[in-house]
There are 2 protein chains.
Amino acid sequence: MSKKATIYDIAKELNITAATVSRALNNNPKISEKTRELVLATATKLNYKQNRLALALKSGKSKNVGVVVPFINKNFFASVIRGIEDELYPKGFHVIISQTYEDTTREKKIIQNLLNAQVDGILLSTAFTEQNKEEFRESLKKNTPFILFDRVLRFKEISTVTIDDYQGGFKATEHLILQGCKRIAHFDVDQSIELYKHRFKGYKDALAKYNLPYRHEYVISLKSNMEAGKDAAEKLMNLPIPPDAIFSSTDNGLLGAVKYLQSQSVRIPEDLRVVGFSNEPFTQFMEPSISSVDQSPLEMGKMAAQVFLEQIENDSMDKVQSNVVLPAKLIVRKSSSK
Amino acid sequence: MSKKATIYDIAKELNITAATVSRALNNNPKISEKTRELVLATATKLNYKQNRLALALKSGKSKNVGVVVPFINKNFFASVIRGIEDELYPKGFHVIISQTYEDTTREKKIIQNLLNAQVDGILLSTAFTEQNKEEFRESLKKNTPFILFDRVLRFKEISTVTIDDYQGGFKATEHLILQGCKRIAHFDVDQSIELYKHRFKGYKDALAKYNLPYRHEYVISLKSNMEAGKDAAEKLMNLPIPPDAIFSSTDNGLLGAVKYLQSQSVRIPEDLRVVGFSNEPFTQFMEPSISSVDQSPLEMGKMAAQVFLEQIENDSMDKVQSNVVLPAKLIVRKSSSK
DNA sequence: TTGTACGCGTTATCAC
DNA sequence: GTGATAACGCGTACAA
């Protein structure tokens with residue numbers, strides 16, 4: 001009773017062979033209408049359900065995909081995963097998630113694990129940087145499709161999905177300039193990560209376009225957390241000529257800065273305007289609400305899923321490589337406008 | 001080259017049989033040290049990796065668990081999943097996630113899918129309520145362990161992990177009373193869902209303990225979003241005697257109310273104090289910061305995972321049922337204190 | 001200590 | 001149209 005019914009059980013019940021049952025279940029044309037109905041009937045009667053594992057072993061397709069991110073309980077990644085699952089579930093795929101904790105050793109193990117589990121593809125936002133790019137490359141030497149998103153590394157034959165970080169940095173900075181700001185500081189995170197490099201370049205190019213001087217003392221590298229943001233803000237305000245705006249590549253860092261500045265009676269936006277990056281949910285509800293660049297995580301997830309689906313369409317043939325770049329949307333709120 | 005190496009490949013290489021290879025790989029005592037080393041050597045040489053699928057089919061254990069939630073891009077669920085993954089990954093399990101979108105039809109299909117995929121267990125927060133409890137029960141008739149968390153339904157033999165919602169409701173209300181509030185309103189969501197019923201009961205009992213009257217016009221049922229919160233707040237303020245506090249079972253509903261009240265120049269906490277439920281990240285950064293009951297999502301996930309692990313320990317034997325109840329922690333912030 | 005044979009549940013390729 | 005058989009990759013009684 002409790003054991004799961006197999007095609008053998010239903011074959012035995014009907015005095016036919018398992019092969020015939022299989023054919024009936026799979027709409028194989030070579031079968032009589034009568035036996036098909038008989039099979040279907042007893043299948044429901046015995047509460048038969050196909051064993052995906054057996055099918056996977058047989059076909060070589062597990063219908064599972066691995067999704068690898070630093071942490072899943074971060075709004076951005078959770079939303080990307082949502083986009084992926086939204087897109088892949090209807091196609092019959094199951095989404096396996098793993099967290100790297102931003103530890104590259106762990107990331108390598110996870111990839112290996114996923115590969116051993118015979119996933120049909122891996123979508124991941126990597127913890128590796130330009131410095132250890134080659135070490136990461138070794139993990140990719142497989143016939144399994146890899147799709148990199150957000151935090152990517154560029155390789156021939158590996159598809160990527162990112163937003164236009166350069167454009168995001170440029171737009172944010174330009175917006176501050178157009179609001180009348182002349183001394184715009186920048187919170188950077190890590191220049192060995194492509195996306196921060198691009199945001200930084202967007203910042204610099206915007207300054208240049210409007211003939212504003214670039215001052216290195218206005219650029220601070222920090223961890224993406226409140227504490228670091230507070231320290232950075234303190235440092236900036238102690239400068240002989242403090243800035244009148246901050247474009248931060250990290251919302252969390254900016255958050256710490258804003259809280260500190262408010263404690264020091266610096267008025268935002270009157271005394272200093274700020275724009276962040278990521279459009280974290282809290283930016284919307286703060287007082288003042290914080291302007292930020294949206295990363296379209298849902299769309300990013302959907303695109304990554306679609307690229308994966310395309311990849312497994314062309315039967316192993318020419319591995320087309322896609323490099324999707326989503327637009328960066330600046331969300332203007334009170335923190336940067338009058 | 002590109003094909004994955006199997007134990008047969010390494011057997012052929014060494015002119016031994018696959019069985020021997022298998023033994024060597026699994027630390028089977030019945031094998032000579034020499035051949036073990038030989039096997040291990042050529043295994044790494046051929047870059048052999050165990051195929052989890054084949055093992056799963058053979059052993060009947062997929063080492064996959066399904067986690068089912070309404071939406072993954074909601075902080076609470078994302079954090080629960082994090083707790084689950086943190087706990088299960090080290091034990092060699094992969095976590096498959098699925099979203100119900102709070103659609104019971106979809107939830108049933110997802111469960112069936114997961115079962116077909118031979119998951120070793122399913123951890124889920126259900127969209128079913130007391131009204132269609134029996135329909136949900138049918139999905140559970142399996143030998144596969146089910147662990148229900150947060151939004152649960154009670155069945156014999158089905159384990160649950162929840163927080164003490166009654167205590168949360170009681171503490172929040174008592175806190176407001178001790179702050180001097182006498183007319184405390186309550187935002188409820190849906191009384192056919194156990195957790196909201198418990199929070200509501202905690203609210204009522206706290207009122208009773210301090211001899212405050214219960215007034216039905218102060219209790220409003222609403223959807224868990226800003227729009228509904230705004231409407232509810234409006235309704236409350238139009239009462240002949242408006243409340244001087246709100247205990248809301250939903251942070252999101254309360255958020256809408258607070259934004260509306262502020263637009264009406266109602267001062268928080270001076271004119272009206274509020275406490276929410278869930279400790280959503282944004283509550284911490286708002287102005288004023290919002291008091292809320294924390295649900296310990298990480299711990300909930302870890303506990304759910306542990307209960308699952310215990311469940312599969314006792315080999316099919318007496319299916320022990322656990323009902324873990326985590327404490328509810330009231331986080332007091334500016335919105336409810338002087 | 002090692003080899004042989006079989007089964008896990010399915011589908012595909014042959015025959016008949 | 002249906003049956004028998006092999007194969008996917010692995011682990012394990014049983015025999016040697």
Side-chain angles (χ1 to χ4, degrees), chain A residues 2-40 42-43 46-64 92 113 115-120 143-144, chain B residues 2-40 42-43 46-64 92 113 115-120 143-144:
Chain A
S2 56
K3 295 305 293 175
K4 292 153 190 164
T6 74
I7 51 173
Y8 282 96
D9 297 323
I10 124 154
K12 197 181 298 172
E13 187 92 357
L14 263 44
N15 271 325
I16 55 177
T17 185
T20 309
V21 175
S22 175
R23 280 185 278 255
L25 261 20
N26 291 299
N27 292 324
N28 190 312
K30 304 179 162 221
I31 192 141
S32 78
E33 195 53 36
K34 206 180 72 185
T35 50
R36 156 173 291 129
E37 285 171 12
L38 234 46
V39 168
L40 259 41
T42 53
L46 295 182
N47 193 31
Y48 166 81
K49 296 289 151 41
Q50 190 189 47
N51 184 328
R52 283 178 57 140
L53 237 44
L55 180 56
L57 179 60
K58 176 69 178 156
S59 69
K61 270 99 181 59
S62 67
K63 295 293 258 175
N64 285 156
N113 269 157
L115 258 13
N116 300 166
Q118 314 301 122
V119 293
D120 295 342
N143 296 24
T144 310
Chain B
S2 57
K3 294 305 295 174
K4 293 152 187 163
T6 74
I7 50 172
Y8 285 95
D9 297 324
I10 123 156
K12 195 180 299 172
E13 187 91 358
L14 264 45
N15 271 326
I16 56 178
T17 185
T20 309
V21 176
S22 175
R23 282 186 277 257
L25 261 20
N26 292 299
N27 291 325
N28 190 314
K30 306 180 159 216
I31 191 141
S32 77
E33 194 53 36
K34 204 180 73 183
T35 50
R36 156 173 292 128
E37 285 170 12
L38 235 44
V39 167
L40 259 40
T42 54
L46 296 183
N47 194 30
Y48 166 81
K49 296 289 151 41
Q50 189 187 49
N51 184 327
R52 282 178 59 139
L53 235 44
L55 178 57
L57 180 61
K58 173 73 179 152
S59 68
K61 272 97 179 60
S62 67
K63 295 292 256 176
N64 285 155
N113 268 156
L115 258 13
N116 300 166
Q118 315 301 119
V119 292
D120 295 341
N143 296 25
T144 310

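Lettering follows sequence order; numbering is per chain, from 1. Computed from a prediction, not measured in an experiment: that's the story for all the values here.
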Original post:
Which heavy-atom pair separates B:Ser62 from B:Arg52 by the least distance, and what is that distance?
Top reply: O-NH2, 3.8 Å
Subject >> Heavy-atom closest contact (B:Leu40 atom, B:Ala24 atom, distance) >> reply: CD1-O, 4.2 Å
Original post:
Sequence neighbours excluded, which residues qualify as side chain to side chain contact (heavy atoms under 4.5 Å, CB included) partners of B:Lys61?
Top reply: B:Ser59, B:Asp120
Subject >> Residues forming a side chain to side chain donor-acceptor pair (under 3.5 Å) with A:Ser32, sequence neighbours excluded >> reply: A:Thr35
Original post:
Can you list every pair that meets salt bridge (charged side-chain N to carboxylate O under 4.0 Å, His left out) and has a residue in residues 21-30 of chain B, with sequence neighbours left out?
Top reply: none
Listed pairs, N/O of protein and of nucleotides 7-9 of chain C, under 3.5 Å:
residue: C:dG7; atom: N2; partner: B:Lys58; partner atom: NZ; Å: 3.0
residue: C:dG7; atom: N3; partner: B:Lys58; partner atom: NZ; Å: 3.4

**OP:** Write down the distance between NZ (B:Lys30) and P (C:dG3), rounded to a whole number of angstrom.
**Re:** 15 Å
Original post:
Got a sec, which residues hit side chain to side chain donor-acceptor pair (under 3.5 Å) with A:Arg36, two or more places apart in sequence or on another chain?
Top reply: A:Glu33
Original post:
Which residues pass the side chain to side chain donor-acceptor pair (under 3.5 Å) test with B:Asn113, sequence neighbours left out?
Top reply: A:Tyr89
Subject >> Separation of C:dT2 P from B:Asn15 CG (nearest whole Å) >> reply: 13 Å
Original post:
If you look at every strand shown and take non-hydrogen atoms under 4.0 Å, does A:Leu53 touch a base, only sugar-phosphate, or nothing?
Top reply: nothing
Subject >> Residues which pass side chain to side chain contact (heavy atoms under 4.5 Å, CB included) with B:Lys49, listed by chain and number, not counting sequence neighbours >> reply: A:Gln112, A:Asn116, B:Asn47
Subject >> 4.5 Å side-chain heavy-atom contact, B:Leu57 and A:Lys58 >> reply: no
Original post:
Considering the terminal five base pairs at each end of the helix from C:dT1-D:dA16 to C:dC16-D:dG1, what angle separates the two local helix axes, rounded to 10°?
Top reply: 50°
Subject >> Heavy-atom side-chain proximity of B:Val21 to B:Tyr48 below 4.5 angstrom >> reply: no
**OP:** Could you list by number each residue of residues 19-27 of chain A showing a heavy-atom separation from DNA chain D of less than 4.0 Å, or answer none if no residue does?
**Re:** A:Ala19, A:Thr20, A:Arg23
Subject >> Side-chain donor or acceptor of A:Asn51 paired with backbone N/O of A:Leu53 under 3.5 Å >> reply: yes
Original post:
Going 5' to 3' on DNA chain D, which nucleotide is the first and which the last to come under 4.0 Å of a heavy atom in chain B?
Top reply: D:dG9 to D:dA13
Original post:
Could you give the CG-to-P distance, from A:Asn28 to C:dA12, as a whole number of Å?
Top reply: 8 Å
Subject >> With A:Glu13 via side chain to side chain donor-acceptor pair (under 3.5 Å) - residues at least two apart >> reply: A:Lys45
Subject >> Those residues that, when tested against A:Leu14, pass side chain to side chain contact (heavy atoms under 4.5 Å, CB included) (two or more places apart) >> reply: A:Ile16, A:Leu38, A:Val39, A:Thr42
Original post:
Which part of the nucleic acid, if any, lies within contact of B:Thr17, taking any heavy atom under 4.0 Å across all strands shown: a base, the sugar-phosphate backbone alone, or nothing?
Top reply: base
